[in-house]
Structure formats: C-alpha cells, structure tokens
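Here's the structure we're looking at; comments come further down.
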Amino acid sequence: MAWTKYQLFLAGLMLVTGSINTLSAKWADNLKAEGCGGSKQHSFQHPFLQAVGMFLGEFSCLAAFYLLQCRATRQSDSSAEPQQPFNALLFLPPALCDMTGTSLMYVALNMTSASSFQMLRGAVIIFTGLFSVAFLGRRLAPSQWLGILATIAGLVVVGLADLLSKHDSQHKLSEVITGDLLIIMAQIIVAIQMVLEEKFVYKHNVHPLRAVGTEGLFGFVILSMLLVPMYYIPAGSFSGNPRGMLEDALDAFCQIGRQPLIALALLGNISSIAFFNFAGISVTKELSATTRMVLDSLRTVVIWAFSLALGWEVFHPLQILGFFILLMGTALYNGLHRPLLACLSRGCHLPTQEGEQERLLGDSRTPINDAS
C-alpha cells in the first residue's frame with residue numbers, strides 16, 4: 001500500500017527533527033564562548049540547563065494536544081473517545097525518572113560522540129524487557145530474548161569501538177568510558193519510567209501528547225528550581241564550568257549572550273523535541289509502530305553520517321558491526337522479523353498493519369513511552 005503525501009511528510013519530519021535534536025545538542029557542546037566575569041573561552045558544558053530546554057520542548061506538546069482537541073471538537077468527530085478525567089500527579093514519578101535519565105544523558109553527551117550516544121540508547125530494550133517480566137508479570141517471546149541478547153552483543157561491540165578509536169583532547173578515553181556508562185545507567189532509569197507509565201498510567205485513556213506535555217511540565221518546573229542549589233554544589237573535575245559547580249546557569253546565559261550560535265543550537269534542540277514527539281506519535285497512528293522503529297534506526301545513521309562529515313568523531317569499522325547487531329536486536333525485540341518472514345514465504349507486499357493505525361485523537365492507546 002503506497003504512502004500518502006501526509007504520511008511521507010510525517011516520516012520525513014520524524015527523521016529530520018529526531019536527527020536535529022541530538023546533533024543540535026552536540027553542536028552546542030562543541031561551541032565555545034567567554035563566560036561571566038571575564039572568564040576565558042570554554043566549551044558550553046551545561047547539561048542540566050540543556051535538559052531544562054528539552055522539557056520546555058516537551059511541555060509545548062500540551063499546546064499541540066489542545067489544538068488538535070479543538071480541531072476535533074469543531075469537526076464534531078463522534079468517533080473520538082472523550083478524554084477521561086485523570087490526576088496529573090500520576091505523571092510525577094515518571095517525570096522524575098525522565099528528568100534524571102535525561103540529565104544523565106546530556107552529561108554523557110559532553111563526554112562521548114553523538115553516534116555512540118544514539119546507539120547506546122538501544123540498551124533500553126534490555127532493561128525494559130527484564131523489568132516488564134519482573135514487575136509487570138509479562139512473558140517475553142523467544143524472539144524478544146534473542147533481541148535482548150543481540151542488543152547486549154551490539155553494546156559490547158560499540159563499546160569496543162569507542163575504546164579502540166583515537167581520542168582527541170576534548171574526549172579523553174576515561175571520559176568516553178564514563179560517558180558510555182552514564183548512557184547505559186540512564187537507560188535503566190528510562191526503563192523504570194516505562195514500567196511506571198504502563199503500570200499506573202495506561203489504564204487511564206490519556207492521549208500521548210498530553211502525557212508527554214504533562215511530564216514535560218513537571219520536568220521543566222522541578223529541574224528549573226534545582227538549578228539554584230546546583231549553582232552552589234561543587235563538582236570538581238566532573239564540572240565543565242569555570243567555577244567547578246554542578247551547574248552554572250549564569251555562566252550559560254553569559255555564553256549564550258556572547259555567542260549567538262549557542263542560542264541557535266539550543267533553539268533547535270527545544271523545537272526539534274516538540275516536533276519529534278508529535279511526528280513520532282503521528283507515525284505510529286498513521287503508519288505503524290514498526291515504521292517508527294525503522295525511522296528511529298535511520299536517525300542513528302543520519303546522526304553518524306553528519307558527525308563524521310563535520311569532523312566531530314573518527315570513523316571506526318567496528319561501529320558499523322555494532323550498529324547492525326543493535327539493529328537486529330531491536331528488530332527481533334519489536335517483531336519486525338515476522339513481516340519479513342511472511343514476505344519471503346508468501347511473496348513480498350508490505351502489510352498495512354491496520355491494527356497499529358489509529359486516528360490522532362481517536363482511540364489513543366499508543367504507549368506513552370513511545371513518544372519520548
């Protein structure tokens with residue numbers, strides 16, 4: 001079945017904005033500017049402030065939700081299920097997990113390459129699978145266990161590629177190892193977030209855009225307030241700002257004022273996360289969750305290609321092997337092998353997967369964690 005122009009637009013929007021989200025964050029990390037009080041030029045290493053910006057982007061998804069709701073109301077769409085009343089505080093525990101995991105990943109992005117950052121995020125499959133068995137009583141299919149094992153093998157290969165790659169003065173070997181470990185730790189927290197959402201939130205018919213926006217609101221408010229104590233907490237060599245504090249928001253704003261490109265990179269990061277969430281949810285609704293997974297894998301390729309072209313990292317052949325093993329693990333875990341096997345046995349024509357296609361404000365049962 002051929003894609004419509006709207007479906008092609010959504011797929012392209014998801015691929016482009018998803019790639020911009022990681023690349024713009026890494027671009028900001030690489031830019032240098034003077035800070036407050038006449039401090040010397042230094043890299044823009046403000047992961048917690050960047051995380052605040054990301055939550056601001058997620059918060060804007062609430063505006064998209066209410067716009068779509070108004071549109072559906074004007075069209076008198078009787079097929080759309082009314083939103084059930086729910087307690088917004090249900091989203092507080094997942095939001096705290098999201099806040100912690102996102103902050104850790106932004107810290108890690110300062111230490112490792114953008115492509116390794118993107119690939120290592122695939123570790124979430126391992127912990128989500130294990131936690132769903134332990135806490136949700138779910139039974140995984142043999143193909144899903146194979147997917148988890150393949151993902152572990154892929155992570156080992158990507159880690160070896162990082163160890164064997166040449167490292168510049170910006171990314172020392174010790175920092176790369178620390179960054180990679182932080183990314184994997186963050187995926188444990190993301191997996192906990194997914195389990196919490198499934199156990200306590202899914203029973204409420206909450207639209208994914210509303211869920212993402214509500215979590216973004218909590219994350220933005222809480223992390224913004226935490227920037228104040230972080231300004232006074234010493235972090236030593238772990239800090240990237242001249243004062244050696246955990247976060248120095250004033251230094252960040254001084255750097256933004258003196259280097260407009262930093263502001264452009266941050267704006268790209270904030271706006272791209274909002275459009276990426278909207279496009280991702282829409283792709284799942286209009287096409288399928290499998291299509292969304294494939295596009296997310298293509299996003300890794302785009303980020304990798306741009307990082308190499310811009311000279312942000314050095315090519316290592318082991319990364320290709322690691323990426324394909326991770327891709328195989330993701331495909332097995334998400335059941336992509338089934339339509340491929342059916343294609344080989346009965347002749348190739350793509351399944352429509354009508355069961356995964358839904359109206360954007362219709363029966364909104366897309367997993368909330370698919371939107372993040």
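This structure is a prediction, so every number in the text was calculated from the model and none was measured. Along the sequence shown, the residues carry numbers beginning at 1.
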### Query
If you measure from CZ on R139 to OG on S132, what distance do you get to the nearest 0.5 Å?
12.5 Å

### Query
At what distance, to the nearest 0.5 angstrom, does CG of L261 lie from CG of L267?
12.5 Å

### Task
Quick one: list whatever passes side chain to side chain donor-acceptor pair (under 3.5 Å) with T22, sequence neighbours left out.
Q118

### Query
Can you name the one residue among T100, L104, D98 that meets side-chain contact (heavy atoms from CB on, under 4.5 Å) with T102?
D98

### Query
What is the distance from atom NZ of K5 to atom CG of L10, rounded to the nearest 0.5 Å?
14.5 Å

### Task
Not counting sequence neighbours, which residues clear side chain to side chain donor-acceptor pair (under 3.5 Å) with T214? List them please.
none

### Message
Parallel, tilted or perpendicular, judged at 30° and 60°: which one describes the rings of H207 and F65?
### Response
tilted

### Message
Can you pull out every salt bridge (charged side-chain N to carboxylate O under 4.0 Å, His left out) where at least one residue sits in residues 247-275? Sequence neighbours excluded, please.
### Response
R243-D248

### Task
Using the disulfide (SG to SG under 2.5 Å) rule, collect all pairs that involve residues 208-268, keeping only residues at least two apart or in two chains.
C36-C254

### Task
Look at the rings of F315 and W304 and say which category their plane angle falls in: under 30° parallel, 30 to 60° tilted, over 60° perpendicular.
parallel

### Task
Treat each ILVMFWY residue as a node, draw an edge where side-chain heavy atoms are under 4.5 Å apart, and state whether Y106 and I20 are in one component.
no

### Query
Is the side chain of Q255 donor-acceptor paired with the backbone N or O of H42 at a distance under 3.5 Å, no angle test?
yes

### Set of ring pair (Phe, Tyr, Trp, His ring centres under 6.0 Å) partners for F44, sequence neighbours left out
H46

### Exam field: side chain Q7 to backbone T4, donor-acceptor pair closer than 3.5 Å
yes

### Query
Excluding sequence neighbours, so at least two apart, what forms side-chain contact (heavy atoms from CB on, under 4.5 Å) with L321?
V157, L318, I325

### Query
Is there a donor-acceptor pair under 3.5 Å between the side chain of R299 and the backbone N or O of G18?
yes

### Message
Please check this pair: side chain of D29 against backbone of Q45, looking for a donor-acceptor N/O pair closer than 3.5 Å.
### Response
no

